[in-house]
Amino acid sequence: MKKKAVRLAVAAALLAVLTTAFFVIKNLTKKEEKQGPITVSQTPVKDIEGITYRCEATKGEPISLVREKDIWYYEKDKEFPLDQVFVTNTMAVSAAEAVSKAERTIENPEEDLSQYGLDQPVLTVILKKITGDEVKLNVGSYNAGVEGYYLQVEGDQKLYLIDATMVFAFDVSVYDIADKEDYPYVEAGSFTHIAVQKGSKMVELKGEVQKDSQEVLSKQYYLEKEKTWSVSQDGSAYQEGNQTAVQELISQLASFDYSKMIEYRADEKKREEYGLGDKAVILTVDYQVLDETTAKQVEIANGVTETVCDTLDKQYVLRIGDKVPEDGYSEPEYYVCLEGAEVVYTIRAELLDTVVNIRAESFEK
C-alpha cells in the first residue's frame, strides 16, 4: 500500500508539472498564434518612389532604385536597363504588401532581437514614399516551426511572420534584374558562313546555294534555299562537308540565348579578366535577312503573284571567354560578349561546348 501511495503521489506531481508546462507553452505560442492575414495599413505601390535594399545577393552593399514618371532606374547609372515588370510587380509589390499579408504577429517580442535573427537581418528594404517618408523593413531568421521569416518594421513594436515571397523577390543583384538584350537571332536557313578561331587555329564552314535553287526569294518561303556546306581548316581549300553535322551545329547556333548579365560597362581590362581578350574563342557568323524595303509583287504564273524581296548580308562576332567558376548549383556557363560591346553575358556551356572545342574533322564528309 505504501509503494502504491508513493506512485500515486509521484503521478499527481508529474501531472501537475505537465499541466503547468501545457499552460506555459500555450501561453508562449499565443504570441505566434495563426491569425490569417493581418489587417494593417500598407504602402500602396503607386506611392513608392524609391527602393533601397541589401542582402547576401548584393554582398551586403545597398542597391538603390528610383522611380520617375512610372519608370524605374538604377540610381548609380540611369542608363542601366532594369526589368521594369520585375521591379514593379515583384519587388515593389512584395515589399508593399509584406506586413498586410503576414500570417502571424508577435505582440510582445523579446527585447533581445538576436533571437529572431534581427540583429543581423538577412534582408533590409527601405521604401521611400512620395511624401518623403520612409518605411524600413528588416527580415530576420527563418522559423521552420511556423514556416515563416521574422519581419520587423522600424518604429513598430510588434514583429510579424511572413512567407518567403519578399525574401525571394529581393534575393537578386542588380544584374539579376537587368533587362537583357536579345541574342542575335538567325533563321536556320539564313546562315551562309561560320568561322571559329581559337588561337592560331581556324575552322570555317561555307554554305553555297545549289544552282537549281530559285533566284527570287518570296516572303512565304523565307530564305529556304538549299545549300551545300564545305569545310576548311587554317585557310586550306574548302572540301565538301558532312551536311548532317553542319546542320546540327546550325541548330545549336540558332538556339543561343543569354543566361545572365555579368557586367554592363566592362572596359578592356575587365573583359580580359573574363577571358574575353586575346585568348577568347571568336565565333563569326555571316547570314542573310530579307530587305523589306525592296518588297514587290511578282507574277509567278497565270495571274498569281507573290511578294518577293532582296536580301541583306549581316554578320555578328561573338567572343567566348572563360568558364564561369562553379558554385555547386548553377549550370556550367561561359562568359561572352559581342565584338565591340561592353556588356558581358553568360551562355550555357552545353550550347557553346561544340564551338569552343570545334574540330574540322567533325565536319568532314
Side-chain angles (χ1 to χ4, degrees), residues 180-198 201-258 280-301 304-320 334 336-341 343 345 347-348 351-356 358-360 362-365:
K180 302 190 301 296
E181 296 173 305
D182 292 327
Y183 187 83
Y185 177 68
V186 182
E187 292 275 356
S190 302
F191 289 82
T192 58
H193 181 262
I194 301 165
V196 179
Q197 183 174 354
K198 190 173 182 180
K201 300 293 183 182
M202 172 81 82
V203 175
E204 295 179 85
L205 300 169
K206 179 174 66 174
E208 296 181 302
V209 179
Q210 294 182 359
K211 291 182 180 179
D212 59 352
S213 292
Q214 62 188 89
E215 294 296 326
V216 179
L217 301 176
S218 69
K219 294 181 71 174
Q220 181 180 357
Y221 301 106
Y222 176 61
L223 296 178
E224 291 184 359
K225 300 182 293 182
E226 293 290 335
K227 293 189 184 78
T228 299
W229 286 87
S230 302
V231 59
S232 168
Q233 181 169 1
D234 301 331
S236 63
Y238 280 94
Q239 303 292 328
E240 184 175 348
N242 182 323
Q243 305 304 303
T244 300
V246 174
Q247 291 304 324
E248 287 176 354
L249 174 62
I250 286 175
S251 294
Q252 283 189 314
L253 296 179
S255 65
F256 279 7
D257 196 11
Y258 296 126
V281 175
I282 301 174
L283 167 67
T284 302
V285 171
D286 293 291
Y287 59 102
Q288 292 181 323
V289 296
L290 290 176
D291 182 1
E292 299 284 353
T293 64
T294 65
K296 58 186 177 182
Q297 294 292 318
V298 173
E299 183 175 0
I300 57 175
V304 178
T305 63
E306 280 190 353
T307 302
V308 299
C309 303
D310 293 336
T311 60
L312 292 174
D313 293 327
K314 295 279 189 177
Q315 182 187 81
Y316 73 76
V317 179
L318 182 72
R319 303 183 77 88
I320 306 169
Y334 286 95
V336 300
C337 71
L338 290 175
E339 188 71 51
V343 187
Y345 290 102
I347 291 180
R348 298 199 317 275
L351 294 175
L352 286 176
D353 278 337
T354 301
V355 174
V356 171
I358 197 167
R359 296 168 58 248
S362 301
F363 301 96
E364 292 176 353
K365 189 173 180 180

Quick one: are [X] and [Y] in side-chain contact, heavy atoms under 4.5 Å?
X      : Y      : result
Tyr334 : Asp353 : yes
Trp229 : Gln247 : yes
Val281 : Val196 : yes
Leu318 : Val355 : no

Distance from [X] atom [atom1] to [Y] atom [atom2], nearest 0.5 Å?
X      : Y      : atom1 : atom2 : result
Thr244 : Phe363 : OG1   : CZ    : 11.5 Å
Ile347 : Asp257 : CD1   : CG    : 7.5 Å
Thr284 : Arg319 : OG1   : CZ    : 9.5 Å
Lys365 : Gln243 : NZ    : CD    : 7.5 Å
Thr192 : Gln315 : OG1   : CD    : 9.0 Å
Ile282 : Glu339 : CD1   : CD    : 6.5 Å

Does [Y] offer a backbone N or O that forms a donor-acceptor pair with the side chain of [X] under 3.5 Å?
X      : Y      : value
Lys198 : Val356 : yes
Tyr316 : Tyr183 : no
Asp234 : Met202 : yes

Pair Thr311-Leu290, side-chain contact (heavy atoms from CB on, under 4.5 Å): steps then yes or no: CA-CA 5 Å; Thr311 60; Leu290 290 176; 4.3 Å; yes
Pair Thr228-Glu240, side-chain contact (heavy atoms from CB on, under 4.5 Å): steps then yes or no: CA-CA 8 Å; Thr228 299; Glu240 184 175 348; 4.2 Å; yes
Residue pair Ser232 / Gln239, side-chain donor-acceptor N/O under 3.5 Å: no
Please find the pair of heavy atoms, one from [X] and one from [Y], that lie closest to each other, and give the distance.
X      : Y      : value
Val203 : Ala360 : CG2-N, 3.9 Å
Glu364 : Asn242 : O-CB, 3.5 Å
Pro184 : Tyr258 : CD-OH, 4.2 Å
Leu253 : Leu283 : CD2-CD2, 3.9 Å
Ile250 : Ala188 : CG2-O, 3.5 Å
Ser362 : Ala245 : O-CB, 3.5 Å

Row check, Tyr238 ring normal vs Lys206 NZ/CZ: under 6.0 Å, within 45°: yes
Worked verdict on Thr307 versus Gln297 for side-chain contact (heavy atoms from CB on, under 4.5 Å): CA-CA 5 Å; Thr307 302; Gln297 294 292 318; 2.5 Å; yes
Chi angles and distances behind the side-chain contact (heavy atoms from CB on, under 4.5 Å) call for Gln233, Val231: CA-CA 7 Å; Gln233 181 169 1; Val231 59; over 6 Å; no
